[in-house]
Protein chains: 2
Amino acid sequence: MTDRVVPPTARQRRRPTKQGIVLSEELIVETAMRLIEEHGAEALSVRRLGRALGADPSSLYRYFRHTDDLMLAVADELIGRTLRIWRPTGYWRADLRDLGLRMHAGALAHPRAAVLSSHRVTGRDHEIQAVETIIGVLRDAGFPDAEAVRIYHAFVDQALAFAALDSASTALPRPAREAEAAVWRATYARLPADTHPHIAATARHLMTDMPRSSYPMALDLLLSAAAARLAEIRDGTDT
Amino acid sequence: MTDRVVPPTARQRRRPTKQGIVLSEELIVETAMRLIEEHGAEALSVRRLGRALGADPSSLYRYFRHTDDLMLAVADELIGRTLRIWRPTGYWRADLRDLGLRMHAGALAHPRAAVLSSHRVTGRDHEIQAVETIIGVLRDAGFPDAEAVRIYHAFVDQALAFAALDSASTALPRPAREAEAAVWRATYARLPADTHPHIAATARHLMTDMPRSSYPMALDLLLSAAAARLAEIRDGTDT
DNA sequence: ACCTTATGACAACACCGTTGACCTGTTAAC
DNA sequence: GTTAACAGGTCAACGGTGTTGTCATAAGGT
C-alpha cells in the first residue's frame with residue numbers, strides 16, 4: 001500500500017473496469033443504496049457491491065477507506081433525500097412531526113447508516129443543512145438556544161435510534177414474524193390473572209400494540225413535552 | 001445433522017470437554033456476558049466463546065440453535081440483573097426514570113441483545129416479570145389499560161434503542177472519539193453566521209451537548225409528557 | 001457388561017473486510 | 001507523435017466469521 005486513500009473530489013484519469021463501467025463516488029453510493037433497499041441492510045458487503053458494480057471489491061478502497069466511510073456517504077445522501085421532500089409549513093410541531101416520521105422511514109432501510117450518523121460527524125453538506133434547518137425551526141418557535149440544542153439532539157437521536165431498532169423487526173422474514181406473534185399468544189395471553197394480574201388485564205392491548213413500531217407514540221410524547229416546556233418559557237418570559 | 005437442536009432443560013450425560021470443563025447453558029451465557037463486558041460487543045464470536053470455554057465452537061450449537069438464540073438468553077439474563085437491583089419507591093415517575101436509566105446502562109454493554117430483545121419475544125421468566133412490573137407501575141399510577149400499554153411500549157423501546165445507539169459511540173476507541181470532537185470544532189464551530197445563523201448562534205451549546213448521550217433528556221421528555229396525559233385523564237374522570 | 005445415544009470434536013463450506021503487489025490505460029510534457 | 005509517470009483497476013492472500021455433516025466416545029440405564 002503506497003497511499004491508496006481517497007483523492008478528494010477531482011479525479012482525473014478514470015479508467016473503466018474490466019466490465020466496462022466507470023466508477024465514481026456517486027455511482028458507488030447509489031449502487032450501495034439500491035442493494036440495501038432491494039435486499040436488506042445485511043446483504044451489503046464490499047464483495048457483493050463490487051460484483052454489482054462490475055468491479056473488483058478492492059477497487060472500492062480507492063474511494064472509501066473502509067466500509068464505515070461508505071456508510072457515512074450513504075447516510076449523508078439519505079439526509080439529503082429526506083430534507084428534499086420535506087416542506088415546512090411554519091408550525092414547528094407539525095413540521096417536526098412530519099420530519100421525524102420521514103427520517104424514521106428513510107433510516108428504516110439503512111440502519112447501519114443511521115447508527116453511524118448518530119455518533120460520527122460527517123461534516124458533509126446535507127448533514128450541516130439538516131442541523132441548521134432543525135435548530136432553526138426550534139429557535140424560530142421560541143426555544144432558547146441551550147434548550148433548542150438539547151431538544152434537537154433528543155429529536156434526531158430518537159428518530160435514528162428507533163429506526164435502527166425497528167429495522168431489525170421489519171427485516172425479519174414473514175414466517176419468523178408470525179412465529180413471534182404466536183409466542184405472544186401462546187405465552188402472554190395465557191398468563192393467569194392471579195400470578196400476573198397486569199399482563200392478564202392488558203393482554204388484548206399488548207397483542208395489538210406490540211407488533212407495531214412505538215416510534216410515532218414516542219415522537220408525539222417528545223413533541224408534547226417540548227410544547228409544554230415552550231409554554232412555560234413563554235409564560236415565564238412574558239409575565 | 002440429526003437433530004442437533006436444544007434439548008430443553010433436563011440434560012443428562014454431561015460429558016466434559018477435552019479441556020475438562022463441563023458445559024451448561026448458564027455457564028455459556030455467563031462466559032458470553034463476561035467476554036462482551038471485558039472486550040466489547042463485537043469481540044464475541046462463536047469461535048472466541050468456544051476458546052474461552054475450552055470447547056469446540058460447534059459444541060455450542062448443542063445448546064443454542066444460532067447466535068441469536070444465545071443473545072436472547074443474554075438479553076433475558078440482562079433483564080433479570082437489571083430488575084434485581086431496582087427498588088421501586090411507589091412514585092411512578094421516579095421509579096420509571098430510575099428503571100429507564102438502569103436499563104439503558106445495562107444494555108449499553110450488550111447492544112446486540114438489546115436490539116434482539118426489542119423485537120423478539122423470549123417468553124422467558126425475566127422478560128415476563130419485567131413486563132408485569134412495568135405495566136403494573138403504570139396501571140397503579142392511574143393510566144388506563146390501553147394507555148399503559150402504549151407508554152410501556154414506548155418506554156422500553158426508547159431505553160433499548162438509545163442503548164443500542166449510544167453503545168456504538170462508547171465502543172469507539174479514544175483517539176477516534178477525539179477526532180470526532182475535532183471535526184465538530186473544525187467544521188461546525190466555524191460556519192459563518194450569514195450562511196448558517198442558527199448553527200453559529202448555538203455552536204457553543206452544540207459542542208458541549210453533542211458528545212453526550214441524549215437519552216436522559218429524551219427519557220425526561222417522555223415521562224413528563226406521560227405525566228401531563230395522566231393529569232388530563234384524572235381531571236377528565238374526576239370532574 | 002453391554003447398548004444406546006447424547007454430546008463433544010473435527011473438518012469443511014461459503015462467506016466476510018482488508019491490504020500488498022502488480023499491471024495498464026490515461027494523461028501531460030515534450 | 002513519443003514517452004514517462006502514476007492513478008486506479010486487478011489479483012491473490014491473510015485471518016477472520018457462522019454454520020453443518022460426520023464421526024467417536026463416554027455416560028447412564030438396563
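Here is the naming used below: chain letters follow the sequence lines, and residue numbers restart at 1 for every chain. Nothing here was measured: the structure is a model prediction, and the numbers come from that model.
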Worksheet item: How many Å lie between CZ on A:Arg65 and P on C:dT19, as a whole number?
Response: 11 Å
Practice prompt. Give a yes/no on whether any side-chain N or O of B:Lys18 is located under 4.0 angstrom from OP1 or OP2 of C:dC10.
Written response: yes
Practice prompt. Report the distance from atom CZ of B:Arg62 to atom P of C:dT5, rounded to the nearest whole Å.
Written response: 15 Å
Discussion item. Within the structure provided, determine whether B:His66 and B:Asp69 are in side-chain contact (heavy-atom separation under 4.5 Å).
Written reply: yes
Practice prompt. State which of C:dT19, D:dG9, C:dG8 makes the closest approach to the side chain of B:Ser59.
Written response: C:dG8
Discussion item. Tell me if the CG atom of A:Asp68 is crowded by more than 12 foreign heavy atoms within 6.0 Å.
Written reply: yes
Practice prompt. Name all residues meeting the salt bridge (Lys or Arg N to Asp or Glu O under 4.0 Å) criterion together with B:Glu42; count only those two or more places apart in sequence or in a different chain, and write none if there are none.
Written response: none
Discussion item. Using whole Å, what does the distance between atom C1' of nucleotide D:dT17 and atom CG of B:Leu60 come to?
Written reply: 14 Å
Fill in: For A:Arg177, all residues meeting salt bridge (Lys or Arg N to Asp or Glu O under 4.0 Å), sequence neighbours excluded
none
Item to complete: Figure out the CZ/C1' separation between A:Arg112 and C:dC16, and round it to whole Å.
Response: 11 Å
Worksheet, complete the sentence: The residue, B:Thr67 or A:Val22, whose nearest nucleotide of DNA chain D is more 5′ is A:Val22
Discussion item. What is the separation between atom NE2 on A:His66 and atom C1' on C:dT19, rounded to the nearest whole Å?
Written reply: 14 Å
Worksheet item: Quick one: A:Tyr61 OH to C:dC16 P, roughly how many Å, whole number?
Response: 11 Å
Discussion item. If the condition is salt bridge (Lys or Arg N to Asp or Glu O under 4.0 Å), which residues does A:Glu180 pass it with, not counting sequence neighbours?
Written reply: B:Arg120
Discussion item. According to ring pair (Phe, Tyr, Trp, His ring centres under 6.0 Å), does anything in residues 158-183 of chain B pair up with another residue at least two apart or in another chain? List the pairs.
Written reply: B:Phe162-B:Tyr215
Practice prompt. Return the residues of residues 33-57 of chain B meeting this criterion: a heavy atom under 4.0 Å from some atom of DNA chain C. Order them by number, or give none.
Written response: B:Arg47, B:Ala55, B:Asp56
Worksheet entry | Under-4.0 Å side-chain N/O to phosphate OP1/OP2 contact, B:Tyr63 with C:dG8 | yes
Scan the side chains in residues 75-82 of chain A for donor-acceptor partners under 3.5 Å anywhere in the protein, sequence neighbours excluded, and list what turns up.
| unit_1 | atom_1 | unit_2 | atom_2 | d |
| --- | --- | --- | --- | --- |
| A:Asp76 | OD1 | A:Glu127 | N | 3.0 |
| A:Asp76 | OD2 | A:His126 | ND1 | 3.2 |
| A:Glu77 | OE2 | A:Arg81 | NE | 3.2 |
| A:Thr82 | OG1 | A:Leu78 | O | 2.9 |

Discussion item. Using whole Å, what does the distance between atom C1' of nucleotide C:dA9 and atom CG of B:Leu23 come to?
Written reply: 12 Å
Response to the item:
note: A:Met71, atom CE; C:dG17, atom C1'; distance rounded to Å ~ 14 Å
